[in-house]
Number of protein chains: 2
Amino acid sequence: MKTTRNTAAKTAVLEVFEKSKTALSHTEIQKQLNDLCDRVTIYRILDRLINEDVIHKISNLDGTVKYAKCNHSHQRVHIHNHAHFSCENCHEITCLETVKPSYIMPHNYKVNEINFTLSGLCPNCLNSNI
Amino acid sequence: MKTTRNTAAKTAVLEVFEKSKTALSHTEIQKQLNDLCDRVTIYRILDRLINEDVIHKISNLDGTVKYAKCNHSHQRVHIHNHAHFSCENCHEITCLETVKPSYIMPHNYKVNEINFTLSGLCPNCLNSNI
DNA sequence: AATTTAAACGCAACAATGTTGCAATTGATA
DNA sequence: TATCAATTGCAACATTGTTGCGTTTAAATT
Ligand SMILES: [Mn+2]
Ligand SMILES: [Mn+2]
Ligand SMILES: [Zn+2]
Ligand SMILES: [Zn+2]
């Protein structure tokens, strides 16, 4: 088992997540870090944070990938079974922790992970578009 | 309104979809077409087929993007509200047309599209892994 | 406080995927 | 058959993510 270290870059990335109300892409994180570290380092930090269950990855229909902090109380194993909303107008992605889909699977499938992303207009953009 | 044409390449792509039980990536389609046309052309055909509601796009947690034929009776506007299953072992992606998630959204969101992808082990891989 | 050592890093190089502009080709219609 | 916009090929580019390797550094040990 590898031990994990708290580096300046990792701490900075975590701060960026703390400050953000929405999910962030690799590029958005890099901009906020202002060249504090190499972009490869950010990828590696994101990988580590996912393994540590501190953040989770959200993949959108348009191909963009974002990351968000996990809000659940820190359990060893868990499924990120909540929905994510992706606004087609402002392109912000937010966790909807209260929205959990219910569904019935055929037997003989083993489900390890679910990705439930809804897209459309977020409350902000819905209002300003009237 | 642009008119759409039936070209050799488009017909060939459609045949590939007909023959396939699972969703296909751009690369998989290209291999099956055996250099019948340029890879850019395939991207453009896929775009057109999506606009015509003949196929739909499936984006997976691992970042891969696949496409599958729409099975619904051809309606003007529709939401692809069924689930997709992505096998972590064989990497096949299949439409689960019978699995439709139910969920309750907060008001003041407008949902246009949903992307519900489950990953884990498909029946084939589950059996061979015992 | 100095030493140790594996984790983390920077950099360069690469791969995969998708996009754009433009000239040439072609399907469908007249 | 002539027309013409839709489609294509090609080259060039952009973005996103990965890998290898030598160097730096966190943190545990002495
Ligand atoms: Mn979570
Ligand atoms: Mn469909
Ligand atoms: Zn919005
Ligand atoms: Zn499988």
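Here is the naming used below: chain letters follow the sequence lines, and residue numbers restart at 1 for every chain.
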(request) If the plane angle is over 60° it's perpendicular, under 30° parallel, otherwise tilted; pick one for B:Phe85 and A:Tyr109. (result) perpendicular
(message) Check the orientation of B:Phe116 and A:Phe116. Use parallel for under 30°, tilted for 30 to 60°, and perpendicular for over 60°.
(response) perpendicular
(message) Tell me whether A:Lys21 is salt-bridged to A:Glu92, with the criterion being a basic N under 4.0 Å from an acidic carboxylate O.
(response) no
(request) Flag the pair A:Glu113 and A:Lys57 as a salt bridge only when some basic side-chain nitrogen lies within less than 4.0 angstrom of an acidic carboxylate oxygen. (result) no
Starting from [atom2] on [N], measure out to [atom1] on [X] and report it in whole angstrom.
| X | N | atom1 | atom2 | answer |
| --- | --- | --- | --- | --- |
| A:Arg44 | C:dA6 | CZ | C1' | 15 Å |
| B:Gln30 | D:dT8 | CD | C1' | 15 Å |
| B:Lys57 | C:dT17 | NZ | P | 13 Å |
| B:His91 | C:dA16 | NE2 | C1' | 15 Å |
| A:Ile42 | D:dT15 | CD1 | P | 16 Å |
| A:Asn6 | D:dT25 | CG | C1' | 13 Å |
| B:Arg39 | C:dG18 | CZ | P | 9 Å |
| A:Leu46 | C:dA8 | CG | P | 14 Å |

Within less than 4.0 Å of OP1 or OP2 of [N], is there a side-chain N or O belonging to [X]?
| X | N | answer |
| --- | --- | --- |
| A:Arg48 | C:dA8 | yes |
| B:Thr7 | D:dT8 | yes |
| A:Thr4 | C:dA8 | yes |
| B:Thr41 | D:dG9 | yes |
| B:Thr27 | C:dT17 | yes |

(request) Would you indicate what B:Ala8 reaches in the nucleic acid, counting non-hydrogen atoms under 4.0 angstrom: base, sugar-phosphate, or nothing? (result) nothing
(message) At 4.0 Å (heavy atoms only), tell me whether A:Val40 reaches a base, stays on the sugar-phosphate, or touches nothing.
(response) base
(request) Return yes if a side-chain donor-acceptor contact under 3.5 Å exists between A:Thr117 and A:Ser86, otherwise no. (result) no
(message) By nearest atom, which of the nucleotides D:dA27, D:dG17, C:dT26 is closest to the A:Tyr43 side chain?
(response) D:dG17
(request) Look at the side chain of A:Asp38 and decide which nucleotide, out of C:dG10, C:dT26, C:dT17, has an atom nearest to it. (result) C:dG10
